[in-house]
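Throughout, a chain's letter reflects where its sequence line sits, starting with A, and its residues are numbered from 1.
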Number of protein chains: 2
Amino acid sequence: MSETESIDMAGLDRELGFALRLAQLAVFKDLMACLKPLSLRPAEYSLLVIVHANPGLKQLTLGAVLSVQGPNLVTMVDQLEAREVIVRSPVPNDRRAHALHLTAKGRSLLRQAKTAHAKHQARLNRCLGKADAPDLIAILNRIAAAEAWIGER
Amino acid sequence: MSETESIDMAGLDRELGFALRLAQLAVFKDLMACLKPLSLRPAEYSLLVIVHANPGLKQLTLGAVLSVQGPNLVTMVDQLEAREVIVRSPVPNDRRAHALHLTAKGRSLLRQAKTAHAKHQARLNRCLGKADAPDLIAILNRIAAAEAWIGER
DNA sequence: TATTGTTATACTCTATAACTATA
DNA sequence: TATAGTTATAGAGTATAACAATA
């Protein structure tokens with residue numbers, strides 16, 4: 001059954017991109033399983049968290065925060081609005097923009113989602129063990145922030 | 001221009017899944033840019049590295065190593081074979097399986113790709129600075145390996 | 001019966017261009 | 001002229017079911 005038969009990974013298992021992909025796959029798999037009973041995907045959970053903490057947020061700002069592009073965000077907002085967990089309301093001085101808010105139903109859903117997410121977080125912490133999670137996240141954020149100069153030249 | 005206007009991230013920037021996604025986005029963006037002149041994507045680069053280090057590898061084993069499923073691997077192998085950088089050759093005692101090998105052209109392409117990849121690696125190391133890269137990768141691999149128990153219950 | 005590889009297909013995520021209505 | 005949001009669309013990446021050839 002085990003088809004392992006000692007493969008030479010040729011250093012691939014020591015490359016950051018490869019390790020990042022597999023780790024993200026595992027973490028998202030767990031997070032998705034946690035949120036599935038609430039019919040929420042990870043991106044939708046992030047959206048609810050940010051809108052709840054920043055009521056009246058405009059879509060463009062939200063998209064920048066989540067690294068989701070305009071057209072793709074429209075779809076997400078459409079679906080969540082159809083479920084009546086968020087609403088698009090008018091912005092006083094700019095009739096082009098939409099202010100995003102959670103509904104009472106949305107706040108309730110977010111509360112449940114945070115409970116589900118806590119279980120995911122606990123499993124992750126158990127897996128990390130004594131490894132310093134804040135340190136790990138700081139390094140990952142630094143890598144992500146370097147996007148500016150990375151990729152050119 | 002800066003639409004930042006102090007957003008409350010509500011702890012989202014301290015979550016591993018969120019950090020992983022952004023870091024992977026940045027790293028892959030850079031790697032893709034490095035490999036683009038050779039018309040190679042990250043997954044194809046990984047494939048060449050593994051096949052070169054394990055000549056005669058069967059597709060099923062390769063798929064397990066790369067975490068790519070059968071039907072998707074067929075497409076990748078088809079395209080690389082059409083470019084004449086790899087070949088499917090018969091396996092002595094099993095006429096169902098195909099043994100994968102790099103062609104001379106493939107080995108040449110891989111050599112160029114490794115040079116391009118070294119530049120990516122150098123940028124990454126510069127970005128990581130004094131942070132311990134092997135340590136980081138060890139933690140990521142541990143998270144990925146936990147996939148077995150993560151996600152259930 | 002089980003396994004290797006393949007075909008066909010579908011679903012999600014992401015990306016781009018062009019449009020509207022406002023500013 | 002520029003901006004916020006939208007529409008339509010296309011391309012990756014990934015997933016499953018069913019099949020042929022072989023074991």
Quiz item: Where each residue is assigned the nucleotide of DNA chain D containing its nearest heavy atom, which of A/D78 and A/A97 is assigned the position nearer the 5′ end?
Solution: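 Final value for this comparison: A/A97.
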
Quiz prompt | More than 12 heavy atoms from other groups under 6.0 Å of CE on A/M32 | solution =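 No, not enclosed.
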
Practice problem: Taking atom CZ of B/R14 as the centre, report whether more than 12 heavy atoms of other residues, nucleotides or ligands fall under 6.0 Å from it. | Solution: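 No, because the 6.0 Å sphere around CZ of B/R14 holds 12 heavy atoms or fewer from other groups.
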
I need the [atom1]-[atom2] distance between [X] and [N], as an integer number of Å.
X     : N      : atom1 : atom2 : value
A/N93 : D/dA4  : CG    : P     : 14 Å
B/L66 : D/dT14 : CG    : C1'   : 14 Å
B/K58 : D/dA21 : NZ    : P     : 20 Å
B/L57 : C/dG5  : CG    : C1'   : 14 Å
A/I86 : D/dG5  : CD1   : P     : 12 Å
B/M76 : D/dG11 : CE    : P     : 20 Å
B/L31 : D/dG13 : CG    : P     : 12 Å
A/K29 : D/dA15 : NZ    : C1'   : 13 Å

Quiz prompt | No-H, no-angle donor-acceptor pair, B/R96 side chain to C/dT3 base, under 3.5 Å | solution =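 Yes, the side chain and the base share a sub-3.5 Å donor-acceptor pair.
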
Quiz item: Does A/N72 make a side-chain donor-acceptor contact with the base of C/dA15, cut-off 3.5 Å?
Solution: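 In this structure, the two groups form a donor-acceptor pair.
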
Among [options], the nucleotide that comes nearest once only the side chain of [X] is considered:
X     : options               : answer
B/L60 : C/dG5, D/dA15, D/dG5  : C/dG5
B/R21 : D/dT6, D/dA15, C/dT14 : C/dT14
A/R95 : D/dT6, C/dT6, C/dT22  : C/dT22
B/D94 : C/dT4, D/dG5, C/dT7   : C/dT4

Quiz item: Is it true that B/V74 and B/L60 fall in one hydrophobic cluster, defined by side-chain heavy atoms closer than 4.5 Å?
Solution: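 B/V74 does not cluster with B/L60.
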
Quiz item: If Ile, Leu, Val, Met, Phe, Trp and Tyr residues are connected whenever their side-chain heavy atoms lie under 4.5 Å apart, and connections chain through other members, are A/F28 and A/M76 in the same group?
Solution: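 In one cluster: no.
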
Exercise. Using heavy atoms to find the nearest nucleotide of DNA chain C for A/P71 and B/G70 separately, return the residue whose nucleotide is more 5′.
Key: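 Nearest nucleotide further toward 5': that of B/G70.
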
Quiz item: Of A/M32 and B/A99, whose nearest nucleotide on DNA chain C comes first from the 5' end?
Solution: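 On the 5' side of the pair lies B/A99.
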
Taking OP1 and OP2 of [N], is either one under 4.0 Å from a side-chain nitrogen or oxygen of [X]?
X     : N      : result
A/Q59 : D/dA4  : no
A/Q69 : C/dA15 : yes
B/R41 : D/dG11 : no

Exercise. Going by the side chain to side chain contact (heavy atoms under 4.5 Å, CB included) test, name the single residue among A/L80, A/I86, A/V87 that passes it with A/T103.
Key: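 Filter result, single survivor: A/V87.
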
